[in-house]
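First listed ligand is number 1; within each ligand, the first listed atom is number 1.
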Amino acid sequence: MNQKNSTHYLTVDQKIYDLEPKSLDDAEVIMECQNLTKEFSLVGRDDKVKALNNITLQEQSEYKPIKKQHLYNYDQLLIIRNIIRGEFVMIRGPSGGGKTTLLNLLGTIDMPSSGTIKLLGQQIDTNSSDSYLSQLRLESIGIVFQTFNLLATMTAYENVELPMKILNKLSQKVIKQRVINLLTRVGLQDRMDHLPSELSGGEQQRVAIARALANSPQIVLLDEPTGDLDTKSTVEVMDLLLSINNFGYSSEETQKVTMIMVTHNPDIECYADRILYLADGQIVKQVYNERQVPIDWEDYVKYLNANN
Ligand SMILES: Nc1ncnc2c1ncn2[C@@H]1O[C@H](COP(=O)(O)OP(=O)(O)OP(=O)(O)O)[C@@H](O)[C@H]1O
């Protein structure tokens, strides 16, 4: 048992320290896509930037988590499996490789130039109305943007409260409890009344995470959610995400939560079930972890000190 320090400010399920390989064999497909491409037009220029080139996440006959199996896309044998309920997928790769673009397409923030996406069993395309997509995101997809996108005139409390107010399914009393609980879970119980401009980058990032979790979405998409955090906060936020991924939001909401996260940090790959490497708009490598393993923060600091 690798149970960690009592100073952990987040409420995580202690079972994260003893995770078994995840059984995802019969799990429901949450996301799939065929031949996705995305091109951006540039102002005043005829040529286009090809950000994504023929991305397919498809059915695979069997799923076997294999200890650190590295599969490369060189010989077309690599089938990139679709994303299934409860999976934690990380997307890594060089800057400009298309990670954010892919996340935006999977989160219906943007539409592909060609190809198809199926999300929670529904086809998403240019015929999907804006109101349908906004409702889908509000109810089912929490998104943490690279640039946080907090509302500048609202406090941390109001930013987290907003998605619940718009969804309009909970009483004001329950909403209040949930906002306090979420901000406490990300360690910001003393910063609730602060405006984003009164918070550090790392604190704003944690408000953005709390806001993304507000409506207990089935899918959480995170673009560099630990980019502005120190090592301790990185480990604590990752532990929180791992806990929610495996055990749900609370004792009443225990369903596994699907997570797709873009990161540049190789040290946190151990939190994922699977890592996809994206370069030049294509998935070039897929790695399965046998099991998810949280980082021991004290060991991590020693490792960082020894390697710097
Ligand atoms: N709105 C846009 N207009 C024009 N080009 C864009 C736009 N968004 C992205 N691109 C281009 O598409 C490519 C992929 O960008 P993307 O942001 O998806 O990469 P990334 O892997 O997330 O990079 P980073 O790790 O730096 O965040 C890049 O060449 C980028 O310049």
Would you give the length of the straight line joining atom CG of L242 to atom CZ of F247, rounded to the nearest 0.5 angstrom?
-> 7.5 Å
Specify whether the nearest protein heavy atom to atom 7 (C) of ligand 1 is under 4.0 angstrom away.
-> yes
Using a 4.0 Å heavy-atom cut-off, say whether T101 meets ligand 1 through its side chain, its backbone, both or neither.
-> both
How about N104 and T101: does a side-chain donor come under 3.5 Å of a side-chain acceptor?
-> no
Report yes or no: does a heavy atom of H264 sit under 4.0 Å from some atom of ligand 1?
-> yes
State the atoms of ligand 1, each with its element, that fall below the 4.0 Å cut-off from a heavy-atom position in Q146.
-> 27 (O)
For atom 17 (O) of ligand 1, what's the nearest protein heavy atom and its distance?
-> T100 CB, 3.8 Å
Which residue, D239, N289, T263, N245, forms the side-chain hydrogen bond (donor to acceptor under 3.5 Å, both in side chains) with Y271?
-> D239
Sidechain-backbone polar pair: N53 side chain, Q282 backbone, donor-acceptor under 3.5 Å = no
Contact between K50 and ligand 1, counting heavy atoms under 4.0 Å?
-> no
Heavy-atom nearest neighbour in the protein, as seen from atom 4 (C) of ligand 1, with distance rounded to 0.1 Å | F40 CB, 3.3 Å
shortest atom 26 (O) of ligand 1-to-protein heavy-atom contact is with S95 OG, 2.5 Å
Going by atom types only, do E139 and N215 share a side-chain donor-acceptor pair under 3.5 Å?
-> no
Flag for T100-D223: side-chain donor and acceptor within less than 3.5 Å = yes
Please state which protein non-hydrogen atom is closest to atom 12 (O) of ligand 1 and give its distance, to 0.1 Å?
-> A51 CB, 3.3 Å
List the closest protein heavy-atom neighbour of atom 21 (O) of ligand 1: residue, atom name, distance to the nearest 0.1 Å.
-> K99 NZ, 2.8 Å
When you check the side-chain N and O atoms of Q286 and R81, is any donor under 3.5 Å from an acceptor?
-> no
Could a heavy atom of P94 be found less than 4.0 Å from some atom of ligand 1?
-> yes
Run the salt bridge (charged side-chain N to carboxylate O under 4.0 Å, His left out) check on R211 and E161 step by step: do they pass?
-> CA-CA 7 Å; R211 182 183 59 180; E161 178 190 42; over 6 Å; no
For atom 19 (O) of ligand 1, closest protein heavy-atom neighbour = G98 N, 3.2 Å
From M259 CE over to I244 CD1, what is the distance, rounded to the nearest 0.5 angstrom?
-> 5.0 Å
From CA spacing to verdict: side-chain contact (heavy atoms from CB on, under 4.5 Å), Y277, V287 = CA-CA 8 Å; Y277 295 83; V287 174; 3.6 Å; yes
Of the backbone atoms (N, CA, C, O) and the side-chain heavy atoms from C-beta on, which set of L42 has a member under 4.0 Å from an atom of ligand 1: side chain, backbone, both, or neither?
-> side chain
Going by distance only, is there an N or O of G96 that falls short of 3.5 Å from an N or O of ligand 1?
-> yes
Atom 31 (O) of ligand 1 - nearest protein heavy atom and its distance = V49 CG1, 4.8 Å
Indicate yes or no: does an N/O atom of G97 lie under 3.5 Å from an N/O atom of ligand 1?
-> yes
